[in-house]
2 protein chains.
Amino acid sequence: MGKKSIREQRKAEIIKAFYAVAKKEGLENASISKVADYAKINPSLVMHYFKTREELMVALNDFILERYLKIYRVNGAVLDTREKLIQLIENLFSRKWNRLFDDGVFYSFYAQVYRNKTFRESFKQLHDTLHLTLKKALDEAVENGVLDHPDTSALSNNIFALVDGAYYYLGLVDDKEEIERRLASYKRLAISMLEFDYQSQDTTI
Amino acid sequence: MGKKSIREQRKAEIIKAFYAVAKKEGLENASISKVADYAKINPSLVMHYFKTREELMVALNDFILERYLKIYRVNGAVLDTREKLIQLIENLFSRKWNRLFDDGVFYSFYAQVYRNKTFRESFKQLHDTLHLTLKKALDEAVENGVLDHPDTSALSNNIFALVDGAYYYLGLVDDKEEIERRLASYKRLAISMLEFDYQSQDTTI
DNA sequence: AACTTAACTGAATGACCATTCAAATTTTTG
DNA sequence: CAAAAATTTGAATGGTCATTCAGTTAAGTT
């Protein structure tokens with residue numbers, strides 16, 4: 001008896017509308033009524049599903065972090081050749097970004113990390129998951145004899161530092177050729193990091 | 001005749017108040033009246049000196065980028081020994097951050113880069129300046145025979161990618177010990193990059 | 001057709017927002 | 001003291017904001 005619930009679909013719809021508006025006008029300008037307009041529903045309906053704007057923010061944050069996770073999903077291929085390992089590293093620098101993702105919205109959430117514990121923890125957890133996934137892939141490569149490295153955990157962290165730093169800078173670059181040139185340079189460095197055993201490198205003089 | 005102008009001092013005062021409020025409550029919540037309250041002046045006075053909020057935003061952006069530049073100011077020391085070169089690299093990972101700077105506000109501006117050409121260009125210019133400054137320092141090291149590297153420009157860019165990526169991740173970390181551990185790892189990698197000629201794929205000392 | 005449950009609307013709330021403007025105040029100079 | 005130039009204020013503007021609530025509509029069941 002009673003009406004069928006479409007709660008979850010509606011909520012998803014609202015979150016996507018919120019994302020779309022934030023993408024277009026900036027997260028700080030994405031108001032409830034703009035979201036409602038975009039979704040062609042009444043503002044009250046948004047409040048019906050999300051008690052406060054804050055709640056909607058958290059939902060959008062989760063939505064975005066899920067997408068982020070998808071981008072970096074390691075393809076299931078077995079890392080048994082050198083080529084496959086190199087391809088994996090190169091893929092890290094090739095976010096299918098523009099389709100799946102808006103950097104402006106992403107960094108707006110990231111900025112909140114410094115004031116909001118909830119956001120900080122969810123970001124931290126996501127990044128640690130990504131780092132760990134890469135570490136496991138690297139371990140597999142070690143087992144299969146295509147990689148020789150004493151600390152795959154540190155290697156994974158360092159590769160991601162390079163990836164994150166790369167995209168941070170590339171967000172400032174308009175010229176497509178320059179982007180490609182830089183990406184090539186970053187990739188080369190990342191691949192070289194596989195070879196170079198900086199742990200045993202003596203930095204004393 | 002007439003009254004002495006304190007225009008520039010007042011403007012600076014307002015910008016600092018804006019920064020303080022943004023730091024505490026987030027850039028998106030730093031309103032004109034909150035800024036005025038903080039500076040103990042009338043909201044209209046803020047509007048007198050900055051015709052629009054956007055104008056105030058641009059001013060704060062410039063203020064913040066100036067601070068950013070200061071943090072990375074290369075000490076004038078001559079790079080004639082290995083120690084000095086290594087010290088320079090290590091300094092890049094040691095922003096006197098917490099004192100001089102609020103990352104939340106910084107990344108809030110950075111997020112705007114994706115929607116606002118003015119912000120994108122000012123950020124780009126600043127970063128390119130920093131990269132070039134480091135390149136010049138590296139060139140000096142090469143001249144003085146303490147560094148052997150075929151492409152100091154690429155090296156500079158890559159080091160900064162690592163620095164930026166490092167701080168991006170460290171923003172998520174609460175534990176001070178973990179921060180130090182990671183910083184040490186990033187530094188080690190950066191220093192190893194000085195040695196490694198990834199262009200020709202062989203390990204040189 | 002009556003009941004139940006959920007989706008949905010519309011109007012109203014008060015708070016806060018950026019911005020405008022005319023007027024008041026302060027300081028300097030002649 | 002008076003004129004000049006700047007700083008500063010206070011009140012008012014209209015718009016948008018998140019949120020509340022009472023009520024309506026739609027879709028299922030018995």
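On a predicted model such as this, the values are computed, not experimentally measured, just so you know. Every chain is numbered from 1, with letters handed out A, B, ... down the list of sequences.
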Checklist entry - Counting any heavy atom closer than 4.0 Å, what does B/K40 reach on the DNA or RNA strands: base, sugar-phosphate only, or nothing? => result nothing
Checklist entry - Can you tell if the side chain of B/D128 reaches within under 4.5 Å of the side chain of A/Y169, non-hydrogen atoms only? => result yes
Checklist outcome for this item: Judged by nearest nucleotide, the residue sitting upstream toward the 5' end of DNA chain C, A/L45 or B/E54, is A/L45
Item to check | Atom pair distance, as rounded to whole Å: NZ in A/K34 and P in D/dG15 | outcome: 15 Å
Next on the checklist: Assuming nearest nucleotide by heavy-atom distance, tell me which of B/K4 and B/T52 is located more 5' along DNA chain C.
Outcome noted: B/T52
Next on the checklist: Regarding A/E13 and A/K16, does a basic nitrogen lie under 4.0 Å from an acidic carboxylate oxygen?
Outcome noted: no
Checklist outcome for this item: When A/R53 and B/Y49 are each assigned the nearest nucleotide of DNA chain D, the 5'-most assignment goes to B/Y49
Checklist entry - Whole Å only: how far is the NZ atom of B/K51 from the P atom of C/dA18? => result 18 Å
Checklist entry - Which whole-number value in Å describes the distance from B/K11 NZ to D/dT7 P? => result 11 Å
Next on the checklist: Using 30° and 60° as the class boundaries, would you call the ring planes of A/Y168 and A/Y107 parallel, tilted or perpendicular?
Outcome noted: perpendicular
Checklist entry - In whole Å, what is the span from the CD1 atom of B/I32 to the P atom of C/dC16? => result 16 Å
Item to check | Per B/S44 side chain, nearest of listed nucleotides D/dA18, D/dT7, D/dA11 | outcome: D/dA11
Checklist entry - With respect to the phosphate group of C/dA6, does any side-chain polar atom (N or O) of A/R10 fall under 4.0 Å of OP1 or OP2? => result no
Checklist entry - When the distance from CD1 of B/I41 to C1' of D/dG10 is rounded to whole Å, what number comes out? => result 14 Å
Item to check | For atom CD1 of A/I6 and atom C1' of D/dG28, their distance in whole Å | outcome: 13 Å
Next on the checklist: Counting only side-chain heavy atoms from C-beta out, which of D/dT7, C/dT20, C/dT9 sits nearest to B/M47?
Outcome noted: C/dT20
Next on the checklist: Check the orientation of A/H127 and A/H131. Use parallel for under 30°, tilted for 30 to 60°, and perpendicular for over 60°.
Outcome noted: perpendicular
Next on the checklist: Heavy atoms from C-beta onward define the side chain here; which of C/dA7, C/dA18, D/dT7 lies closest to that of B/S5?
Outcome noted: D/dT7
Checklist entry - Nearest of D/dT9, C/dC8, D/dT7 to any side-chain atom of B/N42? => result D/dT9
Checklist entry - For B/I14 and D/dT8, what is the distance between atoms CD1 and C1' respectively, to the nearest whole Å? => result 11 Å
Item to check | Side-chain N or O of A/H48 closer than 4.0 Å to phosphate OP1/OP2 of C/dA7 | outcome: yes
Checklist outcome for this item: Between CG of A/N29 and P of C/dC16 the distance, given in whole Å, is 19 Å
Checklist entry - In terms of side-chain heavy atoms of A/S31, which of D/dT7, D/dA27, D/dC17 is nearest? => result D/dC17
Checklist entry - Can you tell me if B/N29 uses its side chain to pair, donor with acceptor, with the backbone of B/E25 under 3.5 Å? => result yes
Checklist entry - Among the nucleotides D/dT7, D/dC17, C/dT19, which one has an atom lying closest to any side-chain atom of B/K3? => result D/dT7
Item to check | B/N144 side chain vs B/V146 backbone, donor-acceptor pair below 3.5 Å | outcome: no
Checklist entry - When we call it a touch if two heavy atoms are under 4.0 Å apart, what does B/F50 touch: a base, just sugar-phosphate, or nothing? => result nothing
